[in-house]
Amino acid sequence: MPEQLLHRHQRRPALTPLRLLGALLLAVGVAAFAQEQRPLRFAVTESWAMPMMQIVDGQATTGILYDLQMRLAQKVGRTAELLVMPRLRVQRTLVRGEIDVRCYVNPSWLQESHHQYIWSLPFMVQHDLIVGRSAEPDFALEKLSGQRLGTVLGFSYPSLQALFDSARIHREDARTQALALEKLEAGRYRYALSNSLSLAWFNRHRSKAEQLHVLGEISSDLVSCIVRDEPDVPTQALLRALVQMKQDGEFDAILARYR
């Protein structure tokens, strides 16, 4: 071997155990850095009930929105921190930018514009219903005049707000949607408001004679997520993940688990 080539060969760095250890530590460090990224903070309203969310001892445990939010975080390589709080506190926390993602919301339900957040494409429709203990084929909104109507604390019902403001209908708020339906079942009032998913969940193990009845629909609202648009949040990745989940049928699969 010529002397010049020999010297080049001898100067080539050897892949020693020390170098292997260094490369391994670097790879572990990169992985650890990725894992140390803070969890994404998701807002959970404590008045949610199954099938949207089950909350036990102040912790979200299962439900449609639980599965959706956990999967969203997984798809962008983060963990999810589900922050359970009253609805009015959710509004204040959003204004302060202390929540990264809030799902299942419609612009008409919000009191603030939340300019620091970006809206996702809608992923489902919420149907709000008037519910009674018995069927009333001739039901009309006029029958609500002077009635106490079972509602959920902090929930917004824009289509009926004028009637509430004029005191033609009186709200009787329950802490959760499930409690509002239980109070209707117990005869505390004649009518209540419920979204279609919660009513179906409430009726699922009751006999036909025991089930609550849909008397009319007051609104159908598209629901979306809002995502904080700041450098420490993978905003665009989350928005793309929601679109992908809808297109790939993942969200429909989540819904199917709770029907």
Side-chain angles (χ1 to χ4, degrees), residues 38-73 78-112 114 117 120 123-124 126-129 131 148-158 160-161 164 171-186 188-189 192-204 212 219 221 223-228 238 254-255 257-258:
R38 68 166 180 80
L40 291 173
R41 300 166 299 183
F42 289 83
V44 174
T45 304
E46 68 177 10
S47 53
W48 280 343
M50 288 296 283
M52 306 315 299
M53 186 83 78
Q54 178 171 286
I55 298 170
V56 179
D57 296 330
Q59 299 293 318
T61 59
T62 189
I64 293 169
L65 297 180
Y66 178 89
D67 290 358
L68 170 66
Q69 293 170 163
M70 298 299 284
R71 179 60 177 144
L72 268 180
R78 296 280 193 98
T79 57
E81 182 180 7
L82 306 187
L83 304 175
V84 180
M85 61 188 78
R87 180 171 291 267
L88 294 179
R89 186 179 159 203
V90 170
Q91 296 279 6
R92 296 192 295 268
T93 308
L94 283 170
V95 171
R96 295 195 298 265
E98 295 174 357
I99 291 217
D100 300 318
V101 186
R102 181 183 180 188
C103 286
Y104 208 79
V105 66
N106 178 280
S108 68
W109 303 348
L110 300 181
Q111 300 172 357
E112 306 283 345
H114 303 304
Y117 291 82
S120 75
F123 58 87
M124 66 176 293
Q126 171 170 292
H127 300 279
D128 277 329
L129 312 171
V131 183
R148 291 179 301 113
L149 189 60
T151 52
V152 181
L153 181 65
F155 275 27
S156 175
Y157 306 97
L160 295 180
Q161 192 57 50
F164 292 135
R171 290 183 65 138
E172 181 161 327
D173 286 336
R175 188 172 55 83
T176 69
Q177 181 69 83
L179 286 175
L181 294 176
E182 288 173 8
K183 291 169 71 175
L184 172 64
E185 184 181 47
R188 293 282 298 275
Y189 32 68
L193 297 176
S194 175
N195 66 74
S196 58
L197 289 171
S198 295
L199 178 62
W201 185 267
F202 187 87
N203 281 337
R204 75 195 190 287
L212 300 177
S219 63
D221 296 316
V223 292
S224 306
C225 297
I226 53 175
V227 183
R228 194 166 65 92
L238 284 164
I254 290 173
L255 280 178
R257 287 202 287 270
Y258 296 94

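As a basis for the values below, the full set of heavy atoms in this structure was taken, side chains included, without hydrogen atoms, waters or symmetry mates.
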Working note: Leu193 + Asp128, criterion side chain to side chain contact (heavy atoms under 4.5 Å, CB included); need CA distance, chi angles, decisive distance, verdict. CA-CA 7 Å; Leu193 297 176; Asp128 277 329; over 6 Å; no
Treating Asn203 as the side-chain partner and Leu212 as the backbone partner, does any N or O pair qualify as donor plus acceptor under 3.5 Å? yes
Ala60 to Met53 - nearest heavy-atom pair and separation: CB-SD, 3.6 Å
Side chain to side chain contact (heavy atoms under 4.5 Å, CB included) between Leu197 and Met52, intermediate numbers included: CA-CA 8 Å; Leu197 289 171; Met52 306 315 299; 3.8 Å; yes
Tell me whether the guanidinium CZ or amine NZ of Arg171 lies under 6.0 angstrom from the six-membered ring centre of Phe164 and within 45° of its axis. yes
With side chain to side chain contact (heavy atoms under 4.5 Å, CB included) as the test, would you mind laying out the steps for Thr62 and Met50 before giving the verdict? CA-CA 8 Å; Thr62 189; Met50 288 296 283; 4.1 Å; yes
Results of side-chain hydrogen bond (donor to acceptor under 3.5 Å, both in side chains) for Tyr104 - residues two or more places apart only: Gln126
Return the CD1 to CG distance between Ile226 and Leu110, rounded to the nearest 0.5 Å. 5.5 Å
Does Gln59 reach the side chain of Val84, with side-chain heavy atoms less than 4.5 Å apart? no
Can you sort out the partners of Arg257 under side-chain hydrogen bond (donor to acceptor under 3.5 Å, both in side chains), two or more places apart, ordered by chain and number? Asp67
Arg204: partners by salt bridge (Lys or Arg N to Asp or Glu O under 4.0 Å), with sequence neighbours left out: none
Under the side-chain contact (heavy atoms from CB on, under 4.5 Å) rule, collect the residues that match up with Met70, sequence neighbours excluded. Tyr66, Ala80, Leu82
If we only count heavy atoms from C-beta on, is the Leu238 to Leu40 side-chain gap below 4.5 Å? yes
Side-chain contact test, heavy atoms from C-beta onward, threshold under 4.5 Å: evaluate it for Trp201 versus Asn195 and give yes or no. no
Does the pair Glu172 and Lys183 meet the rule for a side chain to side chain contact (heavy atoms under 4.5 Å, CB included), with working shown? CA-CA 10 Å; Glu172 181 161 327; Lys183 291 169 71 175; 3.4 Å; yes
Can a donor-acceptor pair be found, under 3.5 Å and without considering hydrogens, that links the side chain of Arg87 to the backbone of Ser156? no
Below 3.5 Å, can you tabulate the donor-acceptor pairs from side chains in residues 42-49 to any protein atom, sequence neighbours excluded?
none

Taking all non-hydrogen atoms of both residues, which atom of Ile99 and which atom of Tyr117 are closest, and how far apart? O-OH, 2.6 Å
Atom CD1 in Ile64, atom SG in Cys103: separation rounded to 0.5 Å? 12.5 Å
Counterpart residues, side-chain contact (heavy atoms from CB on, under 4.5 Å), relative to Pro39 (two or more places apart): Thr79, Glu81
Checking Arg89 now: which residues fulfil salt bridge (Lys or Arg N to Asp or Glu O under 4.0 Å) with it, not counting sequence neighbours? none
Sorted by chain and number, sequence neighbours left out, side-chain hydrogen bond (donor to acceptor under 3.5 Å, both in side chains) with Glu182 holds for none
Which residues pass the side-chain contact (heavy atoms from CB on, under 4.5 Å) test with Arg175, not counting sequence neighbours? Leu179
Name all residues meeting the side-chain hydrogen bond (donor to acceptor under 3.5 Å, both in side chains) criterion together with Arg228; count only those two or more places apart in sequence or in a different chain, and write none if there are none. Asp100, Asp232
Under the ring pair (Phe, Tyr, Trp, His ring centres under 6.0 Å) rule, collect the residues that match up with Phe123, sequence neighbours excluded. Phe251
In Å and rounded to the nearest 0.5 Å, what is the CG to OG distance from Leu184 to Ser194? 9.5 Å
Between the side chains of Thr93 and Glu98, is a donor N or O closer than 3.5 angstrom to an acceptor N or O? no
Are Tyr157 and Leu149 side-chain neighbours, meaning at least one heavy-atom pair lies under 4.5 Å? no
Taking the side chain from Thr61 and the backbone from Gln54, do they hold a donor-acceptor pair closer than 3.5 Å? yes
Does Arg71 have any side-chain contact (heavy atoms from CB on, under 4.5 Å) partners at least two apart in sequence or in another chain, and if so, which? Gln74, Lys75, Met245, Glu250
